[in-house]
K.L.:
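Please read through the structure below; I'll follow up with questions.
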Protein chains: 4
Amino acid sequence: MTDKRKAILKSALLLFTERGFHGTPTSLIAREAGVATGTLFHYFGTKENLISDLYLEIKREAGKVMSEGTDTGDDTTSGLRRIASNYVSWGIRNPAKIKFMEQFCLSPFVPDETREEGVSNFLFLAGLFEKGITSGEIKPLPVELAIKMAAEFLNGVISYIIRQGPCCDANEIFELAYPVLEDGLRKR
Amino acid sequence: MTDKRKAILKSALLLFTERGFHGTPTSLIAREAGVATGTLFHYFGTKENLISDLYLEIKREAGKVMSEGTDTGDDTTSGLRRIASNYVSWGIRNPAKIKFMEQFCLSPFVPDETREEGVSNFLFLAGLFEKGITSGEIKPLPVELAIKMAAEFLNGVISYIIRQGPCCDANEIFELAYPVLEDGLRKR
Amino acid sequence: MTDKRKAILKSALLLFTERGFHGTPTSLIAREAGVATGTLFHYFGTKENLISDLYLEIKREAGKVMSEGTDTGDDTTSGLRRIASNYVSWGIRNPAKIKFMEQFCLSPFVPDETREEGVSNFLFLAGLFEKGITSGEIKPLPVELAIKMAAEFLNGVISYIIRQGPCCDANEIFELAYPVLEDGLRKR
Amino acid sequence: MTDKRKAILKSALLLFTERGFHGTPTSLIAREAGVATGTLFHYFGTKENLISDLYLEIKREAGKVMSEGTDTGDDTTSGLRRIASNYVSWGIRNPAKIKFMEQFCLSPFVPDETREEGVSNFLFLAGLFEKGITSGEIKPLPVELAIKMAAEFLNGVISYIIRQGPCCDANEIFELAYPVLEDGLRKR
DNA sequence: AATGAATGAGTTTTCATTCAT
DNA sequence: TATGAATGAAAACTCATTCAT
């Protein structure tokens, strides 16, 4: 991937989250990226394409980051903890990407087919939850519901940590918050 | 409040959630509301004012709905269950309002002071959580974190139910999902 | 029809013939017409619509001018002379309209359906030629061919007169040129 | 002349007639010609130069084709018939070139000096008409007027034949149409 | 000679807002 | 109060042209 393309995606991420999609002129994205307007359209064709590509890139990264250090042999409880920890730690280091996902996952600016392609990066989670339900580790819930609840929960944690500012101990907060999810999901 | 004012707010809610803030022309809002463009500006002055008023209206309604049937004498566990049930049931009946809150709570279109005023409708939640922590009913967490986690969790449940379509049994899903929150928060 | 609308059509006519369709910015048309750019789009919606409306207006005027002072009882020879004279005299007084028709009748900027609607203003010519062929006044030709030949011929005369400049005697030239058409069409 | 240069001129002819001068990007011309954009500018320098060269090429070809098989000793009547026949037959086989001449002879895209150079290919027609007028074969008309009338007339015939589609008998139509011109010009 | 990525001025079009009625 | 024609600044996007390779 070209340097210019990367620079455009980087500017777009920051500006979209700060000012919204329609609130961010393509001319501004280009200027911040240090390229000409035409270059943006050379690489992405349309503004919609740009946000769509950005969406996919972030979803792919999130999916990849989550699964780092996990193993298909893991039990659900420890696998989930690892994933949650990966995700939160990545989210804290990449607040703009979290904000982007929150704002644009449900927005009308990302075309439906792109959204579907983005979801595909998280299919491994479904497998993990199914295993946990079968083994009796976690409550018998519809898998999609469980994923949704967990995801929103973790986003809440991340956004709380970010709001506290950089001087708080993120780890400490995670250790405080995570048991809520773990205890909540565990079958009793 | 005049009929025309109400009609404008109603159109604005639908259109903003479907097309975004900048993606919705004031002329379209006015047309859908059956009034002239000038009338919109007569009532709201600017487009920013319109979204700001809409935000407050919805936050006020959400706050009011949540606390229905609760009592300051309630213990945290049963109070929280009532609030959660009120909120989810209102959310399912008003999907556009949920979508609006998800999209615009963190967006740059709502001025900060409006956001603060909106949050004031949920202060009673802080009291409830504090009481629960003091009495040992729930885990000792920062109150703001607990609120954030609970709110995101419930939004996740609502959005899952809405996505399932109208033929699913919303109550059944709530009864399945809610224990996750309750068990998660409870001190053990 | 509003004054502003008329002014826009007038500017557009001059500028399109002088600089071509794509060579004429809408901003320039508006400026020359003494209105804001937005006003142009308020009345015509798109630039394509503007040229299409202009085309129809001119075709309608040409058709109306041609048939002035004719009578369904006329024989073809005298009817045709009258029409030709009307057309040439109108063409000399409205060189921009002639130039517009020459440049845009066959151009890709006028949509096909508009072209068809424009042609409808000249259907009365077909009747005249048919009568002349039946009565043996003029050569037995496909009517459409005869119309096409006559039209191109007269355009040639007009453009010659215009090119000679305003000091030439237009009438004299017409009297010199017209017999070529008349003698050419007459059956011998 | 290189193959690439030829290919560019060929694409340009088709695209200019289909989409107009400003409506045809140089990048498209290059792509259709199977060369890089830079190559187009290597051969022609500017887009204006390209259309200008194309104009001259076509005018030169038209002039050459017309005079084929004529002889300075011919009388005007038979010379003219030969020229007309040559022109119509070439026009039918090269509809894009006819369309190009119709659209761009009077357009602002061809610089005046190019237009003058193009006209030089038809000077031999002036000689022919003068001879016919002197000898009393044809009506005493200004030579330029006579040329203009004849040219427009023949263009009308060609465009009629083209519009009829490929299944019509072009020769038959020419034999029907040509006498109109001949009889019209002949002195009586 | 030939390429095509990069440029940025210029284009069509939109839309918040005003104001005379 | 209510209207909607008129405005013009600002947006997305295009494209002739250049130039390093």
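First the proteins, then the strands, lettered A, B, ... as listed; each starts at 1.
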K.L.:
Write down the distance between CZ (C:R19) and C1' (E:dT11), rounded to a whole number of angstrom.
P.N.:
12 Å
K.L.:
From NE2 of D:H22 over to P of E:dA9, roughly how many Å is that when rounded to an integer?
P.N.:
19 Å
K.L.:
Take atom CG of B:L40 and atom P of F:dT3, then tell me their distance rounded to the nearest Å.
P.N.:
11 Å
K.L.:
Determine: side-chain N/O of A:T39 to OP1/OP2 of E:dA6, distance under 4.0 Å, yes or no.
P.N.:
no
K.L.:
Measuring from the side chain of C:P25 (C-beta onward, heavy atoms only), which nucleotide among E:dT12, E:dT3, F:dC13 has the closest atom?
P.N.:
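For C:P25, the side-chain atoms sit closest to E:dT12.
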K.L.:
For B:F41 and F:dG4, give me the distance from atom CZ to atom P, rounded to whole Å.
P.N.:
15 Å
K.L.:
Under the 3.5 angstrom rule, does the side chain of C:T17 hit a backbone N or O of C:K99 as a donor-acceptor pair?
P.N.:
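No; judged by distance alone, with no hydrogens or angles, the pair does not exist.
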K.L.:
How long is the line joining NE2 of A:H42 and P of F:dC13, in whole Å?
P.N.:
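Between P of F:dC13 and NE2 of A:H42: 16 Å.
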K.L.:
Please tell me which of C:A36 and A:E48 maps to the more 5' nucleotide of DNA chain F, matching each residue to the nucleotide holding its nearest heavy atom.
P.N.:
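Between the two, 5'-proximity favours C:A36.
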K.L.:
Where each residue is assigned the nucleotide of DNA chain F containing its nearest heavy atom, which of A:F21 and B:G38 is assigned the position nearer the 5′ end?
P.N.:
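Here B:G38 is the residue nearer the 5' end.
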K.L.:
Between D:I8 and D:L50, what is the shortest heavy-atom contact and its length?
P.N.:
CG2-CD1, 4.1 Å
K.L.:
Here's a test of your reading of the structure: between A:V35 and C:T37, which maps to the more 5' nucleotide of DNA chain E?
P.N.:
A:V35
K.L.:
To the nearest Å, how far apart are C:R31 CZ and E:dT12 C1'?
P.N.:
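So the CZ-C1' distance, C:R31 to E:dT12, works out to 15 Å.
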K.L.:
Whether D:T26 contacts F:dA16 is assessed here as follows: a side-chain N or O lying under 4.0 Å from the phosphate OP1 or OP2. Is that the case?
P.N.:
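Indeed, a polar side-chain atom of D:T26 lies that close.
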K.L.:
Would you mind pulling out the nucleotide paired to E:dG4, Watson-Crick or G-U wobble, both distances under 3.5 Å?
P.N.:
F:dC19
K.L.:
Could you tell me whether the side chain of B:I51 reaches within less than 4.5 Å of the side chain of B:F100, counting heavy atoms only?
P.N.:
yes
K.L.:
Checking base pairs now: Watson-Crick or wobble, both atom distances under 3.5 Å. What partners E:dT11?
P.N.:
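Its partner is F:dA12.
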K.L.:
Reckon D:K4 has a side-chain N or O less than 4.0 Å from the OP1 or OP2 of E:dT3?
P.N.:
yes
K.L.:
Looking only at side chains, do D:S27 and D:T37 share a donor and an acceptor under 3.5 Å apart?
P.N.:
no
K.L.:
A:I8 CD1 to E:dT7 C1': how many Å, rounded?
P.N.:
12 Å
K.L.:
Please answer whether the main-chain N or O of A:R5 pairs with a side-chain N or O of A:T2 as donor and acceptor at a distance below 3.5 Å.
P.N.:
no
K.L.:
Regarding D:T2, tell me which of base, sugar-phosphate or nothing describes its non-hydrogen contacts under 4.0 Å with the strands shown.
P.N.:
nothing
K.L.:
Under 4.0 Å between any heavy atoms, over every strand shown, what does D:Y43 touch: base, sugar-phosphate, or nothing? Just pick one.
P.N.:
sugar-phosphate
K.L.:
Nearest heavy atom decides the nucleotide; on that basis, is C:G23 or A:G34 closer to the 5' end of DNA chain E?
P.N.:
A:G34
K.L.:
Can you tell me how far apart NZ (A:K59) and CZ (A:R115) are? Round to the nearest 0.5 Å.
P.N.:
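Spacing of NZ (A:K59) from CZ (A:R115) equals 9.5 Å.
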K.L.:
So if I take every side-chain heavy atom of B:T46 and compare against E:dT17, F:dT7, E:dT12, which nucleotide ends up nearest?
P.N.:
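When the side chain of B:T46 is considered, E:dT17 is the closest of E:dT17, F:dT7, E:dT12.
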K.L.:
Between F:dT14 atom C1' and A:F44 atom CZ, what is the distance in whole Å?
P.N.:
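A:F44 atom CZ is separated from F:dT14 atom C1' by 18 Å.
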